[in-house]
Amino acid sequence: MNILKFRVINKIAETKESFSFVLKPLCEVPPEHVPGKYLPIKIRTGKSLLFRSYSLSSAAAANEDFKITVKRENGGRGSNWLCDNVNVGDLVETLPPAGEFYPQNWERDFIFFAGGSGITPVISIIKTALIKYNNRMKLFYANSSKDSVIFREELKELSLAHPERFDIEFWSDDEKGIPTSSAFEQYVDDTSEVEYFLCGPAPFMGGVENFLIESKVPPGLITKESFAGSVSDDNGDKNESKEKNFAVSVLLNGSRTEVMCSEDNFILKEIINAGVNVPNSCGAGNCGSCMCSLLSGDVVLEENTVLDPSDEEDGWILACRSKPKSRFIEISFDE
Ligand SMILES: Cc1cc2nc3c(=O)[nH]c(=O)nc-3n(C[C@H](O)[C@H](O)[C@H](O)COP(=O)(O)OP(=O)(O)OC[C@H]3O[C@@H](n4cnc5c(N)ncnc54)[C@H](O)[C@@H]3O)c2cc1C
Ligand code: FES
């Protein structure tokens with residue numbers, strides 16, 4: 001694996017359920033610190049090995065170190081482990097930064113819709129734009145309550161320092177209810193070409209996206225980052241009509257599900273279609289989220305940037321880049 005090492009040089013409690021970790025790269029050539037990218041963090045919890053993605057919440061343009069911000073997920077293995085166990089002085093291992101959640105054109109005006117921890121890549125882009133460019137930006141930032149707003153003071157300070165260029169609306173569900181179309185209306189600008197950025201929980205992003213499409217915003221001007229896995233319908237589905245005669249037994253959280261697959265489709269897609277919610281993110285072999293161990297049977301592992309031949313010898317595969325080779329396959333997301 002192409003693993004990078006970082007030292008934790010600060011740990012900041014942002015809210016009662018989220019922490020930021022400031023990271024110093026320990027490699028000779030530090031990775032590029034690009035706003036909107038994420039670090040796939042390697043997490044060892046007991047016997048398990050997981051990768052979980054966390055967006056960079058700092059900006060190199062502001063001379064800031066690498067920083068990720070982790071919000072605890074109720075019952076989540078990786079986020080709680082990081083918040084409880086990683087401290088200043090510890091080593092953190094990651095895959096190289098990945099992701100495509102960044103502006104196509106920094107000269108355009110930007111409108112952001114962020115929900116909860118979805119603010120992390122957004123604040124990095126906002127800070128970068130305020131320092132390096134001249135565009136105007138608006139942020140609609142929704143949270144379940146005021147207590148869970150990450151970076152509230154920092155965002156307010158940025159807006160006060162740049163009143164002509166950056167506006168924020170903080171939205172609390174416990175005061176105003178779940179935001180619907182009427183909350184978003186003032187954010188559609190049909191007078192100029194604006195780029196829209198959506199990041200947060202799936203229902204929030206879905207609501208905003210439907211509204212933008214109904215408002216005739218061209219899909220090419222909408223950039224999205226889903227924190228809940230992103231394997232889409234067009235991800236490697238070469239032939240839906242091929243017979244599904246490869247049986248894959250999937251172990252997740254101690255329970256087993258049998259999924260039938262065809263030889264032309266990636267296993268992850270078939271597992272998700274069968275309604276089994278296994279970890280995944282990029283769907284393209286770059287983040288390690290879907291890494292699992294091959295307990296029996298054989299797969300064809302296609303090109304990826306995560307695993308090298310020795311990892312394969314150790315029995316690791318990526319479900320998003322593996323197609324079935326033998327009739328019976330057993331994989332585990334619990335190892
Ligand atoms: C590109 C990208 C960027 C991201 N950036 C950030 C970021 O900046 N900050 C951030 O906080 N997050 C971010 N995330 C989300 C993050 O990667 C993790 O998905 C998140 O922290 C949850 O991981 P986990 O291991 O804690 O949860 P998991 O263990 O993967 O659990 C996920 C969900 O499944 C449920 N679950 C777990 N075990 C069981 C069980 N036995 N039965 C039923 N349900 C169960 C959990 O309750 C939880 O809701 C990002 C995700 C992506 C894809
Ligand atoms: S989902 Fe990212 S490597 Fe498989």
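Below, each value reflects all heavy atoms present in this structure, side chains not excepted, and no hydrogens, waters or symmetry copies. Residue indices begin at 1 and follow the sequence shown. In listed order, ligands and their atoms are each counted from 1.
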| remark: Atoms of ligand 2 under 4.0 Å from any heavy atom of G283, numbered from 1 in the order shown, are 1 (S), 2 (Fe)

| message | Is the positively charged end of R152 above the ring of F170, judged by distance under 6.0 angstrom from the centroid and angle within 45° of the axis? | response | yes

| Should you measure from each heavy atom of S226, which atoms of ligand 1 turn up under 4.0 Å away? | 52 (C), 53 (C)

| Counting from 1, what ligand 1 atoms have a heavy atom of T120 closer than 4.0 Å? | 7 (C), 8 (O)

| query | Less than 6.0 Å separating the ring centroids of F140 and W171? | reply | yes

| task | Provide the number and element of each atom of ligand 2 under 4.0 Å from a heavy atom of S281. | result | 1 (S)

| Minimum side-chain heavy-atom gap S53-C287 below 4.5 Å | yes

| Polar atom proximity, N80 to ligand 1 (N or O, under 3.5 Å) | no

| task | Give the numbers and elements of all ligand 1 atoms closer than 4.0 Å to a heavy atom of N74. | result | 46 (C), 47 (O), 48 (C), 49 (O)

| Counting heavy atoms only, which of I150, I68, N253 is nearest atom 40 (C) of ligand 1? | N253

| query | Is there an N/O/S atom in C282 at a distance below 2.8 Å from atom 2 (Fe) of ligand 2? | reply | yes

| said: Does the Lys NZ or Arg CZ of K37 fall within the cation-pi geometry relative to Y102 - under 6.0 Å from the ring centre and within 45° of the axis? | reply: no

| message | Check this for me: does any side-chain nitrogen of one of E303 and R321 sit under 4.0 Å from a carboxylate oxygen of the other? | response | no

| remark: For G78, the atoms of ligand 1 under 4.0 Å from one of its heavy atoms are 24 (P), 25 (O), 26 (O)

| task | Decide side-chain contact (heavy atoms from CB on, under 4.5 Å) for L155 and L139; before the verdict, give the C-alpha distance in whole Å, the side-chain angles of both, and the deciding distance to 0.1 Å. | result | CA-CA 10 Å; L155 287 163; L139 165 65; 4.0 Å; yes

| query | Taking the six-membered ring for Trp, is the centroid-to-centroid distance between F112 and F197 below 6.0 Å? | reply | yes

| Residue part near ligand 1, for P279, under 4.0 Å between non-hydrogen atoms | neither

| task | Find all atoms of ligand 1 within a distance of less than 4.0 Å from any non-hydrogen atom belonging to S281, and give their numbers and elements. | result | 53 (C)

| message | Within the structure provided, determine whether L301 and N304 are in side-chain contact (heavy-atom separation under 4.5 Å). | response | yes

| query | Taking the six-membered ring for Trp, are F19 and F21 parallel (under 30°), tilted (30 to 60°) or perpendicular (over 60°)? | reply | tilted

| task | Specify side chain, backbone, both or neither for S289, according to which of its non-hydrogen atoms lie closer than 4.0 Å to ligand 1. | result | neither

| field | Atoms in ligand 1 flagged as close to E225, the criterion being non-hydrogen separation under 4.0 Å | value | 1 (C)

| query | Can you tell me how far NZ of K67 sits from OG1 of T120, rounded to the nearest 0.5 angstrom? | reply | 10.5 Å

| query | Between R77 and ligand 1, is there a nitrogen or oxygen pair with a distance under 3.5 Å? | reply | yes

| query | Below 3.5 angstrom, do we get any N/O pair linking S53 and ligand 1? | reply | yes

| message | What I want to know is whether Y38 and ligand 1 share at least one N or O pair that is separated by under 3.5 angstrom. | response | no

| note | Under 4.0 Å from one or more heavy atoms of C320, ligand 2 contributes atoms 1 (S), 3 (S), 4 (Fe)

| Proximal ligand 2 atoms for G285, defined as those under 4.0 Å from one of its heavy atoms | 3 (S)

| field | Nearest candidate to atom 30 (O) of ligand 1, where distance is taken over non-hydrogen atoms, out of R52, K67, E73 | value | R52

| Of F333, W81, F227, which has the heavy atom at the shortest distance from atom 51 (C) of ligand 1? | F227

| request: Please work out whether any backbone atom (N, CA, C, O) or any side-chain heavy atom from C-beta onward of T69 is under 4.0 Å from ligand 1, and answer side chain, backbone, both or neither. | output: backbone

| task | Please verify whether a non-hydrogen atom of N286 lies at under 4.0 Å from ligand 2. | result | yes

| task | Check the pair R327, N245 against side-chain hydrogen bond (donor to acceptor under 3.5 Å, both in side chains), reporting the backbone distance first and the verdict last. | result | CA-CA 7 Å; R327 293 284 170 201; N245 45 14; 3.2 Å; yes

| field | N-O pairing of E169 and K138 below 4.0 Å | value | no

| message | What I want to know is whether S79 and ligand 1 share at least one N or O pair that is separated by under 3.5 angstrom. | response | yes

| query | Under a 4.5 Å side-chain heavy-atom rule over Ile, Leu, Val, Met, Phe, Trp and Tyr, are F184 and I119 clustered together? | reply | no

| Within residues 145-166 or reaching into it, pairs that qualify as ring pair (Phe, Tyr, Trp, His ring centres under 6.0 Å) - sequence neighbours excluded | none

| query | Got a sec, which residues hit side chain to side chain donor-acceptor pair (under 3.5 Å) with N277, two or more places apart in sequence or on another chain? | reply | none

| task | Mark up the atoms of ligand 1 that fall under 4.0 Å of a heavy atom belonging to G76, in ascending order. | result | 24 (P), 26 (O), 27 (O), 28 (P), 29 (O), 31 (O)

| note | Atoms of ligand 2 under 4.0 Å from any heavy atom of G288, numbered from 1 in the order shown, are 2 (Fe), 3 (S)

| said: So, regarding V70 and ligand 1 (criterion: nitrogen or oxygen to nitrogen or oxygen, under 3.5 Å), is there a contact or not? | reply: no

| task | Under 4.0 Å from a heavy atom of C287: give me the atoms of ligand 2 that qualify, with their elements. | result | 1 (S), 2 (Fe), 3 (S)

